[in-house]
Structures are given as structure tokens and as C-alpha cells.
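One structure is given below, encoded as C-alpha cells.
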Amino acid sequence: MAKYNHKKIEAKWQKYWAKHLELFVAKDKSKAEKQYVLDMFPYPSADGLHAGHVESYTATDIVSRYWRMNGKNVLHPQGWDAFGLPAENYAIKTKTHPAIMTERAIKNFKRQMNMMGFSYDWSREVKSSDPAYYKWTQWFFLLLYKNGLAYKAKAKANWCPKCQTVLANEQAEGGVCERCGSPVVQKDLEQWFFKITDFIENKDRTSGLISGLDKIDWPESTKAAQKNWIGKSEGAQFRMRVIARSEATKQSRDNGNSAGSPRPATAGARDDDYLEVFTTRLDTVFGMTFALIAPEHKLIQGLKPQITNWGEVEKYISETKKKSELQRIAEVKEKTGVELKGVKVINPFTKQAIPLFASDFVLAHYGTGAVMAVPGHDQRDFEFAKKFKLPIVEVIKPTSPQPSPYKGEGWVNLEKAFVEDGVLINSEKYNGLTSEQAREKMTQWLEKEGIGKRTINYKLRDWLVSRQRYWGAPIPIIYCDKCGEVPVPEKDLPVLLPTDVDFMPHGESPLARSKKFQDVKCPRCGAPARREADTMDTFVCSSWYYFRYADPKNKKEFASKRMLKKWLPVDLYVGGAEHVVLHLLYSRFFTKVLHKLGYIDFDEPFLKLRHQGIILAEDGRKMSKSLGNVIAPDSVVEQYGADALRMFEMFMGPLEDMKQWNTKGIVGISRFLEKVWKMKSKIQNKESGIKNKEIESLLHKTIKKVSEDVEMLKFNTVISAFMILLNAMEKEENISLIHYSKFLILLSSFAPHIAEEIWSQLGHPSTKLRVSKKSIFTEKWPEYDKNLIKEETIELVVQINGKVRAKLSVPADIFEQEAKNLSLSDSGIKKWLAGKEPKKVIFVKGRLVNIVV
RNA sequence: GGCUCAGUGGCGGAAUUGGUUUACGCGCACGACUUAAAAUCGUGUGCCGAAAGGCAUGUGGGUUCGAGUCCCACCUGAGCCACCA
């Protein structure tokens with residue numbers, strides 16, 4: 001028999017499937033139950049598909065084919081995350097327009113996807129750089145704008161003075177420009193934000209970004225990462241009075257400054273005179289020996305007249321300003337800061353005056369931008385105190401049996417702060433309380449005194465969506481001298497991205513250089529106005545694409561309500577773990593906005609989420625072009641075929657595990673497929689004498705195993721089950737056509753080409769042996785017969801004290817008493833017992849007997 | 001530092017969720033076919049031991065008739081986040 005020629009056969013069926021789109025399209029009009037199986041749409045890079053793409057796309061392809069054959073109406077689309085920085089940078093490097101290279105890359109991606117035999121519904125393909133698509137990205141911007149969820153504010157951006165461009169954080173690592181190596185500076189720019197922080201907690205009937213996680217089937221680690229990113233912390237906020245060294249200085253300043261605007265005359269009533277701090281550890285407040293303030297904090301400027309070392313302070317502030325956040329983080333090793341001499345703050349609990357320092361490890365944008373410093377019980381404060389020789393006081397004692405880290409002579413001997421909860425000491429009337437009790441009592445006291453309150457803070461900040469870049473969706477806003485900021489009317493969408501713009505970096509948003517693009521009439525008053533020149537973050541494009549697949553051609557809406565109701569939410573979403581935070585969080589935000597505004601009736605977009613594990617190169621390192629260890633799908637397909645590559649990647653290990661490529665391993669799969677191919681010669685079409693009971697029973701067990709494991713995405717064990725069945729069939733002289741066809745249907749979801757070819761060579765047998773001319777993918781998934789997988793006899797394991805001492809062949813439904821009698825009278829067991837009386841005999845039905853002596 | 005996960009043969013990995021540890025595949029060894037090799041097929045393959053048997057799921061304890069699986073402590077590794085008060 002001819003060997004299996006994967007090249008010829010795979011090409012043949014890919015051509016056939018391309019002509020028979022009806023096999024894989026999602027049916028808008030079908031009444032069958034839907035199943036939405038989605039891949040994260042890829043960024044079409046010039047490098048083409050990599051091993052990780054193949055892995056996750058094969059997984060969803062198998063699941064999609066499985067559900068289709070189970071009668072579900074499956075939506076399995078694919079599209080392109082085409083806008084973005086990589087394309088623009090590549091364009092700048094090669095001086096080719098990003099649209100051209102994006103088109104080229106998409107063509108290549110699509111060729112490779114077809115080469116892998118993926119059953120996408122290409123009739124729903126979307127591309128984020130297509131005006132028909134980004135029209136709706138802009139519409140979403142306006143939707144948020146009109147509902148008060150998009151706003152403009154000043155924000156810092158990484159700026160490379162040499163390249164004259166804004167850099168993303170990952171391009172400015174270490175505080176230097178990725179491309180030219182010059183130091184990055186912080187530049188204040190007016191930028192657009194989305195109010196994602198509005199959706200952290202539940203809103204009316206819309207679940208929040210935190211609590212919504214409880215009802216979806218996502219990996220624990222991903223949920224944890226999202227929660228961690230949101231960073232909710234509960235504590236208290238309170239004010240501390242700021243005093244000058246002498247009240248006299250203060251009075252004179254007050255008189256001088258408040259000439260024009262009448263302020264309350266009472267000293268200390270001015271806002272500037274209070275330092276507001278946030279803490280989660282109010283129980284440690286008696287250990288506060290100084291306070292810290294962010295250098296950017298505006299209170300510092302207000303205190304300027306009272307600060308006696310202003311020159312020093314100003315120098316520190318300007319040094320901080322130059323540093324990017326990344327540089328600050330890189331300098332974690334050593335704390336820096338400067339005392340604001342001439343002022344002190346009053347700890348409201350102890351009434352003591354303590355010094356105030358500005359330090360760049362205090363973040364201006366988190367909490368109140370100032371903190372109480374408790375060096376005894378906070379590691380960062382501890383390091384700061386050591387450096388500036390500030391007093392350290394113990395106010396929390398570990399609950400026994402842990403010994404206190406304070407050894408005798410105060411802070412000099414202390415190695416690090418004790419940061420856990422404990423029992424209060426040196427805290428006046430709060431002594432003896434546990435940390436938890438103290439926090440409660442102290443918060444109550446603050447509220448009673450009117451100087452503080454219970455407060456919740458989040459790390460999550462609003463989403464900055466402006467990009468001073470070319471290759472993105474333009475922000476649909478117009479600036480008019482008379483009317484101010486005016487949204488582009490919906491009927492004027494899309495705001496087209498000009499194709500003839502110079503996208504080389506020049507120090508401003510590239511769109512600002514196009515007069516044709518910029519100069520417009522104000523939609524409100526008709527006066528000359530100009531367009532917003534910034535584009536949107538690509539994450540905006542990818543936050544809603546899964547809605548578009550439901551109704552990709554709709555010109556009136558991003559998707560009709562009817563189609564959204566039919567197809568959404570996504571039942572299974574598979575993609576890389578690098579999107580654990582941003583993409584997934586932003587998508588959830590968009591979904592929650594739509595839910596709140598009544599567009600959809602669900603508030604979580606992805607019901608079940610899984611990440612494919614990284615596939616490492618053969619050398620155990622990450623695949624990378626520079627290391628020259630990349631496994632390109634094309635060459636593997638060339639040598640072994642797409643079916644072999646698909647199955648091998650599924651066989652390597654659990655979908656979510658990190659796996660190492662091993663070229664030797666693929667021959668196992670290759671051999672398996674070759675054996676499947678050869679099996680044809682054993683097929684007997686006659687019904688007589690070919691109903692092999694054992695094979696039939698094993699086949700039905702396999703059907704059960706494969707069905708269950710595919711639903712749980714345990715593809716590696718499915719393939720092992722295929723091999724077990726095939727190995728058993730190989731030992732037989734003849735194989736029934738019915739058995740073989742059912743096996744082929746199971747296999748077709750994993751190895752579609754070879755299955756389709758054998759199916760057609762066999763004369764397209766349906767499972768009932770009726771000849772049909774159809775593709776194997778029109779077949780129904782086989783069902784298993786419970787009676788056929790029931791074992792009649794089992795191997796009963798007999799243990800003595802938990803150790804296997806005998807195995808008896810007994811009827812599967814043996815009763816307890818009989819099993820025990822049989823075991824105890826077995827000659828081998830008798831020998832082991834040597835006359836000893838069993839203390840106890842355990843019986844596990846269908847499994848074992850354990851004799852305890 | 002925080003969170004999340006993992007540790008089973010020479011290797012990738014199975015294990016009915018508390019019940020025969022090592023399925024399936026790779027590799028290796030021996031054999032068949034061949035002038036020979038490749039391919040293919042067959043047999044074997046956790047460790048110690050001649051055998052009887054004993055010992056094995058990172059380490060140490062615990063719960064249990066019984067633990068890879070559950071609990072506690074520790075060791076090692078990975079991924080993500082990280083000066084968030």
C-alpha cells in the first residue's frame with residue numbers, strides 16, 4: 001500500500017474545505033444551541049505563526065469541531081489585531097507604510113492557518129485597522145464620552161528627546177530609549193482617560209471588576225492577578241496638623257497671603273495646614289516617629305514660606321521630576337529624601353510634633369500622596385529611619401510564641417521591622433488590644449473626632465488611552481475655539497486615518513502634521529476647528545472585537561442586539577497568559593459599560609478562559625529569533641504534515657503547562673498516523689464474524705474518554721487513548737468498518753486531513769454504513785453504549801496492611817462477603833497471613849480488599 | 001517581598017480525584033527482516049537484589065485500613081506583580 005503522503009492529501013482537503021465554507025460557518029438562523037469558541041485575535045507580525053499560536057489554535061479547533069459534530073451551532077471566528085506600535089516601529093525601520101506590511105503579514109498568517117487546517121468561519125473575519133471596524137471603536141469612545149466615562153487630563157508620558165516621540169513603558173525600560181539609548185524624560189501631556197475605576201465595585205445590577213470574577217471559570221492565577229492589579233486595600237485616612245517652628249512665622253505668612261481672598265481667621269483652619277495620610281495599619285499609629293510626603297505633593301509648595309531649607313528641598317524635587325517612574329523603581333536599594341525643615345506635623349493620637357520628609361518612594365498618585373511613617377513596623381519606613389537616624393518605637397508585640405525582634409537597646413539592634421499583626425503596647429489606652437481590634441477602635445475615634453474616616457484605596461488607575469502615534473484609530477474629538485471640545489457626530493464616523501501621512505517621528509503626533517486631517521469645521525458652530533491628533537491605544541480596539549464577530553457586517557450598530565443575544569457571551573476563550581491583566585481587564589470593563597447602559601444582558605464577556613503554556617525551544621530557552629532556536633510551523637509541516645504537528649503539540653503535555661519542544665518526539669505521532677493509514681487494509685465490510693467484542697468494548701470506552709477529555713481540554717490523554725485503541729486494533733486480523741469509521745470520526749477533530757482522506761477512500765461511510773458523499777465533518781459524533789463498556793470480570797486487588805499481595809479475577813459485581821471470603825481463602829494470602837487473625841477487612845466495591853493484621 | 005502554580009523512571013508525561021504508582025509516547029537494549037543500513041515488526045525496560053523480597057512520587061512530620069492525591073512545616077524551581085503605605 002502507498003505510504004501516507006501528507007503533502008498531497010493535506011493540500012487536497014484544504015482546497016476542498018475552502019470551497020465548502022458551509023462546513024464551518026456559524027449559522028445565524030439555526031435554532032441549535034450555540035457555542036462560541038474564541039482565540040485571542042493575533043497581532044499579524046512579519047514573523048508569521050509561532051509554536052504557541054499553533055498550540056492554542058489547535059486546541060480551539062478541536063473543541064469547535066467536537067461541538068459541531070455534537071450538533072451545536074458553533075461560532076469560531078478569527079481576525080486581526082492590526083493596529084499598534086510594533087507595526088509602526090517596523091514601518092519606521094523599513095520605511096514601508098504600516099498598512100502595506102500589515103496586509104502582507106495577514107496574508108501570510110492566513111496561509112499558515114489554512115495550512116494547519118483550522119476550521120475558522122472566515123466569513124466573519126475582522127481587522128481592527130479597517131475603517132468599517134474602527135468606525136465602531138470610535139463609536140465606543142463617544143459612547144464612553146457621552147456617559148461621562150471618557151475625560152481629558154494632564155498626564156506624564158515617557159518622552160525620548162532624540163527620537164522626538166512618546167514611548168510606551170516597555171520601550172523605556174531602565175529609563176533609556178529602546179531605540180537610541182538616550183535618557184527618557186517625563187513630559188506632561190493632555191491625554192484622554194477612560195474611567196475604568198468607576199467599575200471596580202458593583203454598580204446597580206452590574207457586577208464589578210472584583211466581584212464579577214467569582215462567577216466565571218478562569219484560572220485562579222489569572223483572577224488573582226486581576227485582583228492584585230486592582231489592588232484594593234482597606235484602611236483609614238486622617239489629617240495631621242502641620243505647624244511652623246514658631247506660631248509667629250505662621251501668623252505673619254497668613255496675613256500676607258490672604259489679602260485678596262478672605263479665609264477663616266482661625267489659625268490652622270486652612271487646608272494647607274493639614275497633612276492627609278492613608279494607612280492600612282492604623283494600629284501602629286503610636287509608633288509614628290515621622291511623616292513622609294511625595295515630592296510632587298502640592299502641599300510642599302504651600303509650605304514654602306515656612307520651609308527653612310527650601311533650596312535643598314527644591315533641588316530634591318527637581319531631581320525626582322527628571323527621573324521616570326522606572327528609574328525610581330530601579331533605585332529601590334537605597335532610600336532618598338529631604339527633611340522639610342521649619343515645619344512639623346502633629347500625631348493626633350500622641351499630640352507629639354514629628355518631622356516631615358519628602359521622599360520619592362512615596363507615590364503621589366496613590367492614596368493621599370503622603371504617609372505616616374512607622375519604622376518599627378514597616379520595612380520601607382524602617383530603612384528610611386536607619387538612613388536618616390530617626391527614632392524607632394515598638395508598638396506591636398508578636399503574639400506568643402514568637403519572640404519580639406526588639407533586643408534591648410532600641411532600634412540600633414533591630415535588623416528589620418516587625419510587620420505582622422500582633423498585640424498593642426506603648427499605645428496608651430489601646431494597649432493590650434489585638435491589631436484588628438485596635439484598627440477598629442482607632443478608626444471610630446478618628447470619626448468621632450472628625451479628623452479621619454474609614455477609606456478604601458485602589459492601585460488601579462483610570463486607563464490612559466491617548467497615543468501620540470500614527471498607526472491607530474483616531475480619537476473622534478474636534479477642538480473649536482468657541483465651543484471647546486466637541487465630539488464628532490456619529491453620522492460623520494469613521495474619522496478616517498489619513499494614508500498619506502508622514503509617519504516618521506518628528507516630535508508631535510504624526511496626525512498633527514497633516515493639515516488635511518487637522519483642519520475641519522466645528523460640527524457645532526461651523527467655525528474653523530482642528531481635530532484631535534492622538535490615536536487610541538490598541539487595547540481599545542481589542543476590548544470589543546468579540547462582540548463584532550456576532551454581527552461583523554452590520555453598518556448601523558457595532559452589533560445588533562439580536563445577534564449579541566444569540567452569540568454572546570464567549571463560552572471558551574483561549575490565549576496567552578501575557579494578557580492576564582490588561583486585555584482581559586479592559587474587555588471586562590467594556591462589557592460592564594455595555595451592560596450598565598442596557599446594550600447587553602450579561603456583564604462578563606468570557607465565561608471560561610484558559611491559557612496555553614509557553615512552548616520553549618529544544619534548548620529549554622524561550623524561542624527567539626536572536627537565539628536562532630525558533631521552530632517554524634512551515635518546516636515541521638513540510639516534513640511531517642499539519643496533522644502530525646497539530647497532534648504533537650497536543651500530545652506534548654497539558655495545554656496550560658510550559659512545554660519544551662523535542663523534535664524526536666514528533667516521530668511517535670508520525671508513526672501513529674502511518675498506522676492509522678495502514679489500518680485501511682484490515683477493514684472488513686462484511687458484518688459476519690467481524691464484530692470483535694473486545695475491540696467494540698474498547699472503542700466505546702475510547703468514545704467516552706475522548707468526549708470527556710475534549711470537554712476538559714485534556715488533549716494529551718485523548719491522544720493516548722487513540723493510541724491504546726489503535727494498538728489493540730493492530731493485533732487483530734480484521735477490523736469492522738463500523739469500528740474503524742467511528743474511530744476516524746473521533747480522530748477527525750485532531751487530524752482532520754488524514755481522517756477526511758480515509759473517509760473518502762472508504763466511500764464516505766456514514767456511521768450506519770450508508771454511502772454518503774459528504775465530508776466526515778457532517779457526521780455525528782459517536783455515542784457510547786453504557787452496556788458495552790461495563791466490565792464483566794475485574795481484577796480484585798487483595799492487600800495486606802495496604803500492600804498488594806494478590807490479584808483475583810472475580811465478577812465485577814461481587815458482593816462484600818464473597819470477596820472477603822475469597823480473599824482470605826486464597827492460598828497466596830494464607831501464606832502471607834501465616835495463621836494470624838485479621839483485625840479488620842476493608843472492601844472497596846469493584847476495586848480491592850484490604851486485610852489489616 | 002506578595003500572589004499563583006509545580007516537583008512522579010534516562011526524558012515528555014499518566015493515575016478513575018483517597019484505592020494496583022509509572023498508562024501513552026520518546027529513548028535505550030536484545031531479536032526478526034536485510035549483503036548492509038534505514039524503515040518496519042516482535043520482546044524487554046523504576047531502583048536494589050542471584051532469588052525470596054525490599055525500597056521508591058522533592059524533604060520531614062501528621063490524618064487514614066490505605067496518601068502522588070488531604071493537613072502542617074521545610075527545600076527547590078517557574079510564572080506574574082512589586083517602594084501601593
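Keep in mind that this is a model prediction, so the values were computed, not measured.
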Is any side-chain N of the basic residue among Lys820(A) and Glu816(A) closer than 4.0 Å to the acidic one's carboxylate O? yes
Quick one, give me the B/S/- string for nucleotides 37-45 of chain B, reading 5' to 3', where B means a protein heavy atom under 4.0 Å from the base and S means that only happens at the primed atoms, P, OP1 or OP2. ---SS----
Letter by letter from the 5' end, nucleotides 17-24 of chain B scores (B base, S sugar-phosphate only, - none; protein heavy atoms under 4.0 Å) --BB--BB
For the pair Arg281(A) and Asp381(A), find out whether any cationic side-chain nitrogen is under 4.0 Å from an anionic carboxylate oxygen. no
Look at Asp657(A) together with Lys659(A) and state whether they make a salt bridge at an N to O cut-off of under 4.0 Å. no
Using the P atom on both, measure G53(B) against G7(B) and round to a whole Å. 32 Å
Roughly how many Å is it from NZ in Lys223(A) to P in C3(B), rounded to a whole number? 18 Å
Mind checking the C1' distance from U8(B) to G12(B)? Whole angstroms is fine. 12 Å
Between Ser233(A) and A85(B), is there a side-chain N or O to OP1/OP2 distance below 4.0 Å? yes
Distance between the C1' atoms of G10(B) and U17(B), in whole angstroms? 29 Å
Non-hydrogen side-chain atoms of Lys459(A) and Ile230(A) separated by less than 4.5 Å: no
Atom-to-atom span, NZ of Lys803(A) to P of G54(B) - whole angstrom: 6 Å
Expressed as a whole number of angstroms, how long is the span from Lys459(A):NZ to G2(B):C1'? 8 Å
Mind checking the CD1-OG1 spacing from Ile631(A) to Thr663(A)? Nearest 0.5 Å is all I need. 4.5 Å
Could you summarise the pairing of RNA chain B as dot-bracket text, marking Watson-Crick and G-U pairs under 3.5 Å with ( ) or [ ] inside the strand and | across strands? (((((((..(((......[....)))((((((.......))))))(((....)))..(((((..]....))))))))))))....
Which is true for Pro654(A) with a 4.0 Å heavy-atom rule: it touches a base, it touches only sugar-phosphate, or it touches nothing? sugar-phosphate
Quick check: any donor-acceptor pair below 3.5 Å linking the side-chain of Lys335(A) to the base of C83(B)? yes
C1' atoms of G9(B) and G25(B), separation to the nearest Å: 14 Å
Mind calculating the distance between CH2 (Trp218(A)) and C1' (C3(B)) to the nearest angstrom? 17 Å
If you check every side-chain atom of Val667(A), which of A78(B), C65(B), C26(B) has the closest atom? C26(B)
Between A14(B) and U21(B), how many Å separate the two C1' atoms, rounded to a whole number? 10 Å
Please confirm whether the shortest side-chain N or O distance from Lys664(A) to OP1 or OP2 of C26(B) is below 4.0 Å. no
Hey, does the Lys NZ or Arg CZ of Lys453(A) hover above the aromatic six-ring of Phe238(A), less than 6.0 Å from the centre and inside 45° of the axis? no
Integer-rounded Å distance: A85(B) C1' and Phe357(A) CZ: 17 Å
With syn meaning chi within 90° of zero and anything else anti, the base of U76(B) is anti
Closest-nucleotide ordering on RNA chain B, the 5'-leading residue of Glu234(A) and Lys622(A): Lys622(A)
Short N-O contact, Arg454(A) and Glu440(A), less than 4.0 angstrom: yes
Hey, mind stepping through Arg610(A) and Glu656(A) against salt bridge (Lys or Arg N to Asp or Glu O under 4.0 Å) and telling me if it holds? CA-CA 7 Å; Arg610(A) 293 293 119 98; Glu656(A) 309 205 41; 3.7 Å; yes
If you check the Val362(A) side chain, which of C65(B), A85(B), G54(B) turns out closest? A85(B)
Phe278(A) CZ to C83(B) P, in whole Å, measures 16 Å
By nearest nucleotide on RNA chain B, pick out whichever of Thr222(A) and Arg805(A) is the more 5' one. Thr222(A)
Any side-chain heavy-atom pair of Met652(A) and Trp661(A) under 4.5 Å: yes
Would you give the length of the straight line joining atom CD of Glu708(A) to atom OG1 of Thr717(A), rounded to the nearest 0.5 angstrom? 10.0 Å
Identify whether the glycosidic angle of G9(B) places it syn (within 90° of 0) or anti. syn
Taking NZ, NE, NH1 and NH2 as the nitrogens, is one of them in Glu201(A) or Lys232(A) under 4.0 Å from a carboxylate oxygen of the other? yes
Is Glu791(A) paired with Lys701(A) through a side-chain N to carboxylate O contact shorter than 4.0 Å? yes
Determine, for Lys387(A) against Glu383(A), whether the closest basic-nitrogen to carboxylate-oxygen distance falls under 4.0 angstrom. no
Say you pick atom C1' in A39(B) and the same atom in U45(B); how far apart are they, in whole Å? 23 Å
Integer angstrom distance from the C1' of G42(B) to that of C47(B): 27 Å
Compute both the distance and the angle, then confirm whether Arg671(A) meets the cation-pi test with Trp677(A): under 6.0 Å from the six-membered ring centre, within 45 degrees of the axis. no
Quickly work out the Asn347(A) CG to A85(B) P distance and round it to whole Å. 20 Å
P atom, C3(B) versus C72(B): distance in rounded Å? 14 Å
Separation of atom CE in Met652(A) from atom C1' in G13(B), rounded to whole Å: 11 Å
